[in-house]
Engineer: 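First, the structure itself, so that you have it in front of you.
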Amino acid sequence: MKVTRIVKLGAVATFATVLLAACGSASSSSSQAKDQTLTWMENSALPTMDISKAVDNVSAETLNNTGEGLLRVGKKSSLHPGVAKSYSKSKDGKTYTFNLRKSKWSNGDPVTAKDFVYSWQRTVNPKTASEYAYLFADVQNANAIMKSKKAVSTLGVKAVGKYQFVVHLTHPVSYFPNLVAGTTFFPQDQKVVEKYGKQYAGNAQQNVYNGPFKLTYWTGTSDNWTLTKNPSYWNAKRVKLHHVKFEAVKDPQTALSQYQSGKLDAIYLSGQQPKNYKNSKEYVSRTSARATYIEVNQRKDTMMKNKKARQALSLAINRQQFTNKVMDDGSVAPTGLVTDGLASYKGKDFAASAKVPAGTSQNLKKAKQLWQEALKETGRKSYSMTLTADDTAAGKNSTEFVQSQWAKLPGLKVTNANVPYKTVLARCASGDFDSIVTAWGADFADPITFLQLFTTGNSYNEGKWSNKSYDRLIKAATGSDANRAGQRWQDLIKAQKVLLNDQGIIPFYQNGKPQLVKSSVKGVVYFPVGANWDFSRAYIAK
């Protein structure tokens with residue numbers, strides 16, 4: 001979900017090309033080493049390979065390399081042919097027609113328009129309980145289906161023969177091509193899903209793949225997994241790597257040791273490591289469209305429902321100190337929820353236009369005053385809470401720092417809980433937390449990818465913040481003003497300001513992405529939104 005330059009938008013980027021350009025070029029085989037195996041570090045284990053249920057970066061990255069949607073994301077978030085060799089849209093912008101190439105699943109089944117119809121219907125089906133189903137909200141009847149008011153079969157998608165897929169939207173959505181390039185919109189083989197039932201995608205063998213690679217090792221709980229070149233992929237001749245081996249390494253020193261001994265070709269850096277290796281030729285730091293923020297549980301008791309309490313918690317945090325002194329990895333203090341550089345309109349960056357300084361800055365004196373007022377208003381003399389984050393180095397740094405900042409508020413006792421990433425996701429979904437450090441990476445280059453999360457009832461609004469004015473603005477931006485670029489932009493700016501003024505969330509930092517990458521690794525494509533990494537053009541040089 002993040003790089004150097006994000007696609008610049010009017011209201012959003014519009015990719016209305018009828019015929020898509022070819023993606024990339026083949027590298028010279030003479031420059032390649034014999035062993036085309038890339039070893040890659042991840043911070044967390046792979047949670048799932050179910051397209052309809054994946055919600056995290058690790059799953060998206062793996063799905064993006066083992067699967068393929070209608071379109072593919074390339075360098076600088078450009079779009080390229082995927083299963084669709086071309087597409088067109090109607091004059092009113094509400095109907096898209098995708099012309100599919102002949103391609104295959106790894107089991108030999110043809111990939112057809114029905115696979116897209118089935119996959120999209122499965123994701124919006126309330127029985128699937130997909131947390132990403134809301135991304136389909138602009139497809140005809142999707143909202144009614146998700147509320148169990150209409151049959152799944154009424155979703156506005158249609159297979160015309162085997163190789164034409166037609167989508168009907170309720171209104172124009174200028175960023176729709178960007179959406180369909182995301183892993184949530186990938187096809188699924190109905191025969192395979194039904195064959196494995198509840199065990200579908202539970203391990204490497206209980207799935208099929210239509211992308212550059214296929215998953216050949218993963219137990220469903222293992223900390224390592226392996227991708228192998230997929231000979232059934234339609235563009236397999238362009239894929240140079242034989243294997244991509246992932247290792248989930250939580251301890252940064254262990255990762256560094258494995259990198260230095262040649263067991264890993266690329267690692268993420270944390271703690272003091274970015275400072276220590278900034279001058280290395282193998283050091284790489286990228287801009288991220290990923291925002292880390294803190295949610296407080298507003299459904300548990302009156303304290304976190306109190307606006308002053310939320311504002312106090314935010315005002316107590318010195319974000320500049322955290323990013324500059326603790327992280328020092330390219331991360332920066334945020335200006336809001338929507339990340340800097342994600343999107344602009346008429347030359348003005350959204351983040352700069354939608355700032356609320358009081359919602360992202362430190363003012364300890366004000367924080368203490370507001371906290372004491374909140375205690376009094378809720379009939380308390382003290383308050384205890386648990387701050388939850390994952391058990392990675394970054395997660396531990398976050399909880400330790402925030403705990404030290406919140407300890408300055410009178411009568412507040414904070415206990416930290418650093419747990420596995422899967423547990424964080426489960427607690428977010430169930431609401432089993434007091435406060436939690438979480439993050440969101442942009443799925444596409446438009447502010448709505450962040451702002452839609454905090455509408456009332458959204459599954460990712462884990463703290464259950466609710467504001468009618470905010471809901472109305474998001475509804476206008478995605479409805480009545482959807483085809484009015486200027487007005488839509490203002491709706492979104494006003495929405496972020498409502499969110500920050502009410503401190504619906506506590507923005508923490510905009511993530512950097514520091515790495516060490518062996519100089520022999522070539523052709524890996526990084527993009528700042530969505531699944532981040534594409535290994536389909538990568539190779540190991542001699």
Side-chain angles (χ1 to χ4, degrees), residues 1-2 6-7 9-17 20 51-52 54-55 57 59-60 63-64 67-74 77-84 87-90 93-98 100 113 115-117 119-124 130-143 145-146 155-157 165-188 289 338 342-343 440-453 455 458-460 474 477-479 482-483 488 492 527-532 534:
M1 306 174 181
K2 348 174 192 222
I6 312 292
V7 175
L9 309 173
V12 286
T14 302
F15 297 92
T17 48
L20 296 163
I51 287 167
S52 295
V55 298
N57 277 0
S59 297
L63 287 166
N64 188 59
E68 184 168 85
L70 296 163
L71 308 177
R72 286 190 75 85
V73 180
S77 300
S78 57
L79 293 183
H80 301 277
V83 177
Y87 74 91
S88 61
K89 70 175 181 179
S90 60
K94 295 197 291 185
T95 300
Y96 282 80
T97 301
F98 296 92
L100 311 188
D115 295 324
F116 285 94
V117 171
S119 181
W120 292 23
Q121 288 179 343
R122 179 173 182 261
T123 300
V124 301
S130 170
E131 293 184 58
Y132 258 16
Y134 72 89
L135 288 175
F136 293 82
D138 298 316
V139 179
Q140 278 186 3
N141 297 327
N143 285 322
I145 294 167
M146 287 185 272
L155 186 68
V157 293
F165 179 60
V166 181
V167 183
H168 298 288
L169 305 177
T170 57
H171 57 81
V173 180
S174 55
Y175 54 86
F176 187 68
N178 297 65
L179 278 178
V180 302
T183 56
T184 308
F185 291 80
F186 281 13
Q188 296 180 65
V338 178
L342 177 73
W440 188 265
D443 292 301
F444 49 94
D446 187 83
I448 198 69
T449 189
F450 287 104
L451 296 173
Q452 65 190 341
L453 303 177
T455 53
N458 189 290
S459 61
Y460 279 98
I474 298 300
T478 56
N483 213 26
R488 178 180 182 273
L492 297 176
F527 35 88
V529 295
N532 294 155
D534 184 345

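Along the sequence shown, the residues carry numbers beginning at 1.
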Engineer: What verdict does the side-chain contact (heavy atoms from CB on, under 4.5 Å) test give for F116 and V83, after you've listed the backbone C-alpha separation in whole Å, the side-chain angles of each residue and the deciding distance to 0.1 Å?
Structural biologist: CA-CA 10 Å; F116 285 94; V83 177; 3.9 Å; yes

Engineer: On a heavy-atom basis, which atom in I474 and which in L451 lie closest, and how many Å separate them?
Structural biologist: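 Looking at all heavy atoms of both residues, the shortest contact is CD1-CB, 3.9 Å.
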
Engineer: side-chain contact (heavy atoms from CB on, under 4.5 Å) for R72 and N64? Distances and angles first, verdict last.
Structural biologist: CA-CA 9 Å; R72 286 190 75 85; N64 188 59; 4.1 Å; yes

Engineer: Taking the six-membered ring for Trp and the single ring otherwise, decide whether the centroids of W120 and F186 are under 6.0 Å apart.
Structural biologist: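 Ring centres of F186 and W120 not closer than 6.0 Å.
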
Engineer: Decide yes or no on side-chain contact (heavy atoms from CB on, under 4.5 Å) for T95 and V167, but give the supporting numbers first.
Structural biologist: CA-CA 6 Å; T95 300; V167 183; over 6 Å; no

Engineer: Return the CG to CG distance between L70 and L179, rounded to the nearest 0.5 Å.
Structural biologist: 11.5 Å

Engineer: Heavy atoms, side chains only, cut-off 4.5 Å: are V73 and F444 in contact?
Structural biologist: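 Answer no - side chains too far apart.
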
Engineer: Using the test side-chain contact (heavy atoms from CB on, under 4.5 Å), find all partners of T170 that sit at least two apart in sequence or belong to another chain.
Structural biologist: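 Listed in chain order: Q140.
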
Engineer: What's the spacing between H171 NE2 and T478 OG1 if we round to 0.5 Å?
Structural biologist: 5.5 Å

Engineer: Looking at side-chain heavy atoms only, is the closest gap between L453 and Y134 below 4.5 Å?
Structural biologist: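 Yes - at least one pair of side-chain heavy atoms lies under 4.5 Å apart.
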
Engineer: Could you report the tightest heavy-atom contact between I51 and T184, atom names first, then the distance?
Structural biologist: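 Smallest interatomic distance, heavy atoms only, reads CG2-O, 3.8 Å.
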
Engineer: Determine, step by step, whether V139 and V157 satisfy the side-chain contact (heavy atoms from CB on, under 4.5 Å) criterion, reporting the C-alpha distance in whole Å, the side-chain angles of both residues, the deciding distance to 0.1 Å, and the verdict.
Structural biologist: CA-CA 8 Å; V139 179; V157 293; 4.2 Å; yes

Engineer: Just by distance, do the side chain of S119 and the backbone of D115 share a donor-acceptor pair under 3.5 Å?
Structural biologist: no

Engineer: What's the separation between atom OG1 in T123 and atom CD in E131, rounded to the nearest 0.5 Å?
Structural biologist: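 Between atom OG1 of T123 and atom CD of E131 there are 12.5 Å.
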
Engineer: Please find the pair of heavy atoms, one from Y96 and one from P177, that lie closest to each other, and give the distance.
Structural biologist: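 Between these two residues, the closest heavy atoms are OH-CD, 3.8 Å.
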
Engineer: With no hydrogens and no angle check, do the side chains of Q188 and S52 hold a donor and an acceptor under 3.5 Å apart?
Structural biologist: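 Judged by distance alone, the side chains do pair up.
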
Engineer: Nearest 0.5 Å please: distance from the CZ atom of R122 over to the CG atom of L155.
Structural biologist: 14.5 Å

Engineer: Within the 4.5 Å heavy-atom criterion, are L342 and F450 side-chain neighbours or not?
Structural biologist: yes

Engineer: Is any side-chain heavy atom of V124 less than 4.5 Å from a side-chain heavy atom of S130?
Structural biologist: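 Of all side-chain heavy-atom pairs linking S130 with V124, none is under 4.5 Å.
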
Engineer: For Y132 and V55, which heavy atoms make the closest approach, and how far apart are they?
Structural biologist: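 Here Y132 and V55 meet closest at OH-O, 4.1 Å.
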
Engineer: Kindly give the heavy-atom pair with the smallest separation between L492 and P447, and that separation in Å.
Structural biologist: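 Answer, listing the atom of L492 first, then P447: CD1-CB, 4.1 Å.
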
Engineer: Determine, using ring centers only, whether F136 and F185 are less than 6.0 Å apart.
Structural biologist: yes

Engineer: State the CD-CG distance between Q452 and D443, to the nearest 0.5 angstrom.
Structural biologist: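 One finds 8.0 Å between CD of Q452 and CG of D443.
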
Engineer: What heavy-atom pair brings L169 and G93 nearest, and what distance separates the two atoms?
Structural biologist: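 Nearest pair, atom of L169 first, then G93: CD1-O, 4.0 Å.
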
Engineer: From Y460 OH over to T455 OG1, what is the distance, rounded to the nearest 0.5 angstrom?
Structural biologist: 13.0 Å

